[in-house]
Every structure is written in C-alpha cells, then in structure tokens.
Amino acid sequence: MARAEGTAGVGQLRGARLWPGDLHDLGQTYGAAAALLLLILYNAVFTDRFLTTDSVYVNLTQVAPIVIVAMGMTLVIATGGIDLSVGSLMAIAGALAPLIFQQDLPFAVALAFVLPVLATGGFGLFNGVLVTRFGFQPIIATLVLFIAGRGIAQVVTNGELQPFRNPAFQYIGLGRVLGVPFQVLLMLAVFAVVAWAVRTTRFGRQVLAIGGNEAAARLAGVPVNRVKLAVYGISGLLAGIAGLIVIAINSSSDANQVGLNVELAAIAAVAVGGTPLTGGRATVVGTLIGALILQLLRFTLLSHGVPDAVALVVQAVIIVAAVFLQRQRQT
Amino acid sequence: MTATGPLLHMEGISKVFPGVRALEEASLAVGRGQVHAVMGQNGAGKSTLIKILTGAYRRDAGTVTLDGQPVDFHSPQQAQAGGVSTIYQEVNLVAFRSVAENIFLGREPRRLGLIDRRRMHAEARELLERLGVHVDVARPLGALNVALQQMVAIARAISFESKLVVMDEPTSSLDEAEVATLFDVIRQLKAAGVSVIFVSHRLDEVYGICDRVTIMRDGRTVDDRALADVSRLELVARMLGKELAEVRRSGATGFTDATHHAEQRLLEARGLRGAGRRLEHADVQIRAGEIVGLAGLLGSGRTELARAIFGADPVEAGELEVDGRPVRFGSPADAIKAGIGLAPEDRKSEGIVPEMSLRENLTLALLPAISRYGIVDRRRQQEVVDRFIERLDIKTTGPDQKIRELSGGNQQKVLLARWLCLDPRLLLLDEPTRGIDVGAKGEIQALINELADSGLGVLMISSELEELIEGSDRVVVLRDGRTVAELPHEAVSEDAIMEAMAEGPAGDGEEQGGDGQG
C-alpha cells in the first residue's frame, strides 16, 4: 500500500516490464553460475577423467593466484578504480622471497613470507597515494608500477632466473592439507574474508558508497582517501601472496614471467563475475565464479586440442558477452 | 540577406524530456550587434533553449530564423558553420597545442599540403589583436590564464565569421580584471556588428554589458525588455514570477509558526571567502532552535556558503565559530563530529548512493557509531532504520529497496534521516523541498519546523520566497557572494527579500574589490 503511493512513478515505469526485468536480474545474478555449471557438466560428459580429484586440483591450483589477486581487484574496482600493477607486484614479491630464505637468518622462511608481502602492500599504498593525494586517475597511477615494478624485480634478481629448492617455503605452492592443495585453501580463505568484509563491515559499505557516489560519500563523512588507500594496499598485499605461490610452484623465480598478464586475468574475472567497472557494486562470489569460468574454459578448449591462441580469442568473446549483459542491465 | 529585423528569432520553441516539459512556446529574439542577456532561475529552461539554438538538442516544435533564413542545426559543428559559435564555461580547446593551432584547429591554412605555420601565426595574431589581446600565439594554450583562453575561444569563434556568439556563464571562473577584459572584447564584437547572447546570473554584469534581456521562467519566455527600462527589482520579480504570487495563498507551506525560541548561539560565520569568486564575504549566525533562511539568486553563493561551513570546500578567509570557539573544518567528517549535517541541493549527484539500499543510505554517516571493531551491528542498524521510516513516514517497500527507486520526497526524507539519526545540533539544508511533490513538500517543511522547535539550529537555503517567509525566523540575503542583508522576522517580506537580492548595499557599483562591510 505504502509503495503504491510513494513510488507511484517508478512503480508504473517498472510495472510494465516487471517480469522481464526481474528475469533479467536473475540472469545477471545466476547467469555466471549457470555458465560455470554448464562448463562443468560438459566436461563431466566429454572430457576424460575430468571428475577426478587430480583434474579438479589442477584447475584449482592454476586458478588460485588469479582468484587471490582478483579479490583485491574486486575491492579496487568497487571504489571505481583499477589496479594494473598487481602482476608486476607479484614479480617483486617473487624476486624478494628467495633472497630472504636463502640467507642464513633465524626464521628466514617466515620472513620470506612476511617481508615480500609487506613490501608489495607498501607499493599498493604508493598507488593509493598517487590516486588520493595527487589525484592521478587510477589507471595511470597503477600503470607507473605496472611498468616500474617488473623493472624493480629484474634489478633485484639481476634479470636472471633463480632456481631454488626449499620445501618449507614451497609449502605455500606445493603443500597439502588432508590432501587438499594448500594454495586452494588459501584462496578459499581469502575469498571468505573478502566476501565477509564486503557484507558485514563498515569498510565494505564505505567501499561501495565511494564507488556508488564519491561526492555523496564524502559529504556523509566517509573517509574517502583512507578507504581508497586501504583498497590499493590490500590489492598489493594479495598480489604479493599470489607471487609467492607462483614461485613456490615453479621452484624458481623469473622476474620476466611471474605474474605476467595476471592483472588482465584478474580484471577479466571481475568483469565476467558481474562487478561493474564503474564501481559501486562488488560481487565477490561472482569474481570467484568468473575466474573459474575463464580457467575452465581454457582447460576445456586445450583438453580438446584447440590451440591456445584460439582459446584466448574465445576468452575474449566471453568477456565481451559478460560486459554486454551488464550494460543491458544498466539501461 | 535581410538587413532589417532581428538577427536571431526563435519562436514557439517546445521541448519535452521524459517526464519533464523543459520548454513551452519559448521565444528569443536577438538584434544585430546587440548584447542580449538570458536570465532565469534553475529549471527556467534557458540552457535548454541555448542548446537548441546551438544544435546540442533538437526542438520538438517551433521555428528558428537566423538572418532571415530558417535554420535547424543538428550539431554544434553545424551551428558554427552556420554562424553561431558557443563559448562554454569550461574552455574546450586543446591545452597543450599552441594558441594559433587552437584557433585554426581542423582548418589550418595549408601550403603544398603542409600546414603553413607562418600564415597561421600571422592570421591568429591579427584576430587576437582585433580583440585587443596581445599574446604570443606560439605558446601552448594551457600556459595562458582562463580569461585569455576564453579570448582565444572567442577569436576562434570570430574566425568562423560568426554572426552570433553565445557565452554561457563566461565569467564564472574569471577574476575582476579578466571580466573587464572580456567586456572590452564583447564591446569590440558589438562594434563589428556581431551579436552576443550572454547567460549570467550576476546582475552587475548583466547591467554592465547587455542591451536587452529575455527573462525565462518554468520553460516559458516571460519578458523581453531593454535593460535601460527595467529595474533590478523588477527583473528579479519577473524571474521569480512574483506577479503570479496571489495564486498561492500564504499558509501554503508546511511551516506553522515561524518564531521559535532561539537561545544560545550555535554557529557564527564572519567574512567567509571560498576559493573562487562564488563566495566572497559572507556572514551568518545561527542559534539553537531557529531556522535561518538563506536567500539569494542562483549563483549568489548560497550553496557555496553552506559547503564552506561544512568543510566540503576550502575556506580562504574569514572566521567560523561553533559555540563561540573558533573552528575550521578540514573535511565534512570534522563538521559531522561537531554535530553539523548538510543535505545538498542536488540529491542525485551529491546525496544518494543510488545503487545502495534505503538502509545503507540512511545509515551511511552513522556507520562509525553502529559498528564495533569495524563490524556493523545489524540489529542496531535495523532499529534505526525502522524508527526513521516510521517517524518520517517514508514510503517504501522496505529497507532493502534501492534508494533510486524512491520518489524525490522520500529520497529527501532518507537524506534528512541520515543526519537526524546522528542527533545533530545544526542542519544545513540546501533547497530541501526542490523537486518534491506537494504532499511530501508540506511534510518535510513541517518536519523542519518540528526539528527547530526541539532545539535544532537550521540554515535553510531556498529559492522559494514563500518558504523563506513562512519558514524562517530570520532571512540572510546573499548577492554575488556577499551577505547584503539580514532581515529580522518582522521585516521579512517578499519585497524586502527581493529588494536585497536585487540591490542590497554591498558590492553595488564597482567596489567589489574592497572588503565590503562586516
């Protein structure tokens, strides 16, 4: 009753296409999940040995670093920003860690986890300072470290491949807990914390408010600059963790390769997952699903003998389709 | 070519946007070599009319005749080719290219297929000198100040052999010396037989440079007069539509008894000045339990004063006191801590977060108070939201409804509740009832009244005289960024407010550079 009076104009507008609109919303929310389910069903039927734990773990371990980075990216994008530097920050973390655990220090391995991640978190804050203090557009601000970051990693390693063997450190990439790869658990933990933070914390609301209407958020007393600093810092921290996982799997650190193109994979996962790049909304589950879709798609194509080059094109098509659906929703 | 009759004649122009009738049978006639002002309050339709002229919008009905020929421009480029150039508030040229390149952008003089730089520079220099502007045309445009950049834009307009130059609030980012330069250029244009349409809110400027004025209100042209024959007061009255005031009875607003028991002084601002020229020297004093009306024409600095008090814009000079102690708010968050809230005029761009729910919008400023260790206490949030939905009678399907789906009046209630749930001491309300349907408007007015009764201090900006007269205990009037009058309750009347808006004592004539009065 109340609604009939108060929102008469809107009600009429929506009333005409209430059902199609709602169906469309439904498609938006569950479309990505449905697509993922289809991919899984298809593989269950047509791909040999797909539903084995090995094959599941292969996919999950491959996607874990991307998901971890994409969680930070989701927060940054929810504020209306973007972070291009994450791939290069992964390379920096990857370059620093071997330097530390190869030293003869007490707690060298523990420090090899902590210090590189703190360093990339600091670089993330640097991105945030450029955006908030100096008013750089996020794409330009983070382009700085996208370019310079890999250079820093190369300087640290003299541009050489650094092979190593350190089981304690490599647990992050090779260890298993009750048979489950450690990095998969780490990925799920990061996902759970970010999803929880967005839903229940003050910080989460403030992130969404800033992305939704920065001027309004500022007038409502939201500490806009501090929140933005935090999201870029978190993005940097998570990139550092992802970098450590990658070098642990590879048993080597290659400043030229670690994290290459991961920023794009993460942005793609966010976009496919339904978080609009304009900010104001964060679909954390969507990002996880988006990353899984892109991973599984590539896996499916490759396991059916489709060349990698073609697989990339198909990925691009999926991204375009996802973003197209989002634009439909906005109008 | 018809040398007689007006240069531009727009007649019977109508334009409807979804849900809004922006123009209804509006007209505009501009004589040859005349400087013609177009004035009106927000939503009067002047910018729509101008945009139809320059091809940015298409008209639904009506005719446009330029130099005796019917025209129908589909784009600003076409309008420019047809002799109508527009100078925008923000100069839209290429900052890092040279002055000469900007003037000839897209049609550089060529020789053997290459740009003839010498000729380009020579012609650019000549154009600028015709305007009395001496500047090195090889310098990048971005190195010049805003006024000179505007001169370059005007030179570009002349180089198109424009017959008509439209200036949309050209002085808003200029200082006084720059305005004087601009006026010299306008006189040059006039002498050369070019007509100018001058859109400005500043009465001094309009009277200083314009020959005629077209006054618009509610999408219609309500008057077209020679400025020499119309007094400032009359002009303001026409803009506000006061000859129609009898239709509305006093008592039409939701305000009941305007006299509240005002006690201790809550806030005092003295000589506040903002960064631009929008706010130059404003004084206002607000006591607990009173509603202070803030009157002034569009562009008089009302919004800027509220934002400066609230810490949303930097304050360059002046004093601000809360409870008799000097303060300076570096950000809205500081002002909120001191118990102040601001409901902005433009709800859509500065108030609501459209994609978020009513619940999140209502509690946005309250978040720090209802969260522990950073985790929002859902139960307390829900209590607050339920309480205010009921108390303010917000019409909604529920707290989870997205705020953009609510009507304007209900959005405004949510925004008021955003502050009220903080239990503030002072509210700055910028046009609290604009764009709100009649029913909700009365409710909001009654609520403001009730709040003041309960001891809250309110600064209420309004363009509606009825609202100010019936709602305020006192009315402070701003003009051109200065406080020009403070009317005690007994002295508040339409005439008194309009008189102060039009010709209040401060800044009259040329003495804008001084300190004004304290």
*Asks:* Indicate whether the side chain of A:Thr275 and that of A:Thr74 have a donor and an acceptor atom separated by less than 3.5 Å.
*Replies:*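 No, A:Thr74 and A:Thr275 have no side-chain donor paired with an acceptor closer than 3.5 Å.
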*Asks:* B:Asp323 vs B:Arg425, test: salt bridge (Lys or Arg N to Asp or Glu O under 4.0 Å). Steps then yes/no.
*Replies:* CA-CA 11 Å; B:Asp323 296 328; B:Arg425 306 167 62 207; 2.8 Å; yes
*Asks:* Would you mind checking which part of B:Phe310 comes under 4.5 Å of any heavy atom in chain A, side chain (CB onward), backbone (N, CA, C, O), both or neither?
*Replies:*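 Side chain only.
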*Asks:* Counting only heavy atoms closer than 4.5 Å, note whether B:Ser349 contacts chain A via side chain, backbone, both or neither.
*Replies:*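 It is the backbone, since no side chain atom gets that close.
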*Asks:* For B:Ile352, which atoms come within 4.5 Å of any heavy atom of chain A: side chain, backbone, both, or neither?
*Replies:*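 For B:Ile352, backbone heavy atoms alone lie under 4.5 Å from chain A.
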*Asks:* So for B:Pro344, is it side chain, backbone, both, or neither that comes closer than 4.5 Å to the heavy atoms of chain A?
*Replies:*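 For B:Pro344, side-chain heavy atoms alone lie under 4.5 Å from chain A.
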*Asks:* Just give me the residue among B:Pro368, B:Gly408, B:Gly409, B:Ala312 that pairs up with chain A most often, heavy atom to heavy atom, under 4.5 Å.
*Replies:*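 The candidate making the most pairs under 4.5 Å is B:Pro368.
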*Asks:* Could you look at B:Lys337 and say if it's the side chain, the backbone, both or neither that has a heavy atom under 4.5 Å from chain A?
*Replies:*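 Nothing of B:Lys337, per the 4.5 Å heavy-atom cut-off to chain A.
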*Asks:* Under 4.0 Å between a side-chain nitrogen and a carboxylate oxygen: does that hold for B:Glu169 and B:Arg278?
*Replies:*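 Yes, charged N to carboxylate O under 4.0 Å.
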*Asks:* How far apart are the closest heavy atoms of A:Gly236 and A:Leu89, and which atoms are they?
*Replies:*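 Distance-wise, the nearest heavy atoms are CA-CD1, 3.8 Å.
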*Asks:* Side chain, backbone, both or neither: which part of B:Glu350 has a heavy atom under 4.5 Å from chain A?
*Replies:*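 Both backbone and side chain.
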*Asks:* I need the minimum non-hydrogen distance between A:Ile293 and A:Ala32, along with the two atoms involved.
*Replies:*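 Shortest heavy-atom contact: CD1-O, 3.3 Å.
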*Asks:* Against chain A, label B:Ile375 side chain, backbone, both or neither, depending on which of its atoms sit under 4.5 Å from a heavy atom there.
*Replies:*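 For B:Ile375, the contact with chain A is made by backbone and side chain together.
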*Asks:* If you apply the rule side chain to side chain donor-acceptor pair (under 3.5 Å), what do you find for A:Asn127 with A:Thr142, and how did you get there?
*Replies:* CA-CA 6 Å; A:Asn127 285 332; A:Thr142 58; 5.7 Å; no
*Asks:* Start with the C-alpha distance between B:Ile336 and B:Trp419, add both sets of side-chain angles, then the distance that settles side chain to side chain contact (heavy atoms under 4.5 Å, CB included), and finish with yes or no.
*Replies:* CA-CA 9 Å; B:Ile336 292 167; B:Trp419 299 118; 3.6 Å; yes
*Asks:* Looking only at atom types and distance, does a side-chain atom of B:Gln411 sit under 3.5 Å from a main-chain N or O of B:Ile403, one as donor and one as acceptor?
*Replies:*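 Side chain of B:Gln411 to backbone of B:Ile403: a pair is present.
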*Asks:* When you look at A:Val231 and A:Phe203, which way does the side chain to side chain contact (heavy atoms under 4.5 Å, CB included) test go after all the steps?
*Replies:* CA-CA 10 Å; A:Val231 295; A:Phe203 170 72; 3.7 Å; yes
*Asks:* So for B:Leu342, is it side chain, backbone, both, or neither that comes closer than 4.5 Å to the heavy atoms of chain A?
*Replies:*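 Just its side chain gets close to chain A.
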*Asks:* Less than 4.5 Å apart, side chain to side chain, heavy atoms only: is that true for A:Trp196 and A:Thr201?
*Replies:*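 Result yes, sub-4.5 Å side-chain heavy-atom pair found.
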*Asks:* With chain B as the partner chain, list the residues of residues 207-229 of chain A whose heavy atoms fall under 4.5 Å from it, by residue number, and write 'none' if nothing qualifies.
*Replies:*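 Heavy-atom contacts from residues 207-229 of chain A to chain B are A:Leu208, A:Ala209, A:Gly212, A:Asn213, A:Ala215, A:Ala216, A:Ala217, A:Arg218, A:Leu219, A:Ala220, A:Gly221, A:Val222.
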*Asks:* Side chain, backbone, both or neither: which part of B:Gln381 has a non-hydrogen atom closer than 4.5 Å to chain A?
*Replies:*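 Interface part for B:Gln381: side chain.
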*Asks:* If you take all heavy atoms of B:Pro399 and B:Gln382, which pair is closest and at what distance?
*Replies:*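 It is CG-NE2, 3.6 Å.
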*Asks:* Quick check on the interface: out of B:Met356, B:Arg378, B:Arg418, B:Arg307, who has the most heavy-atom pairs with chain A under 4.5 Å?
*Replies:*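 Greatest number of close heavy-atom pairs with chain A: B:Met356.
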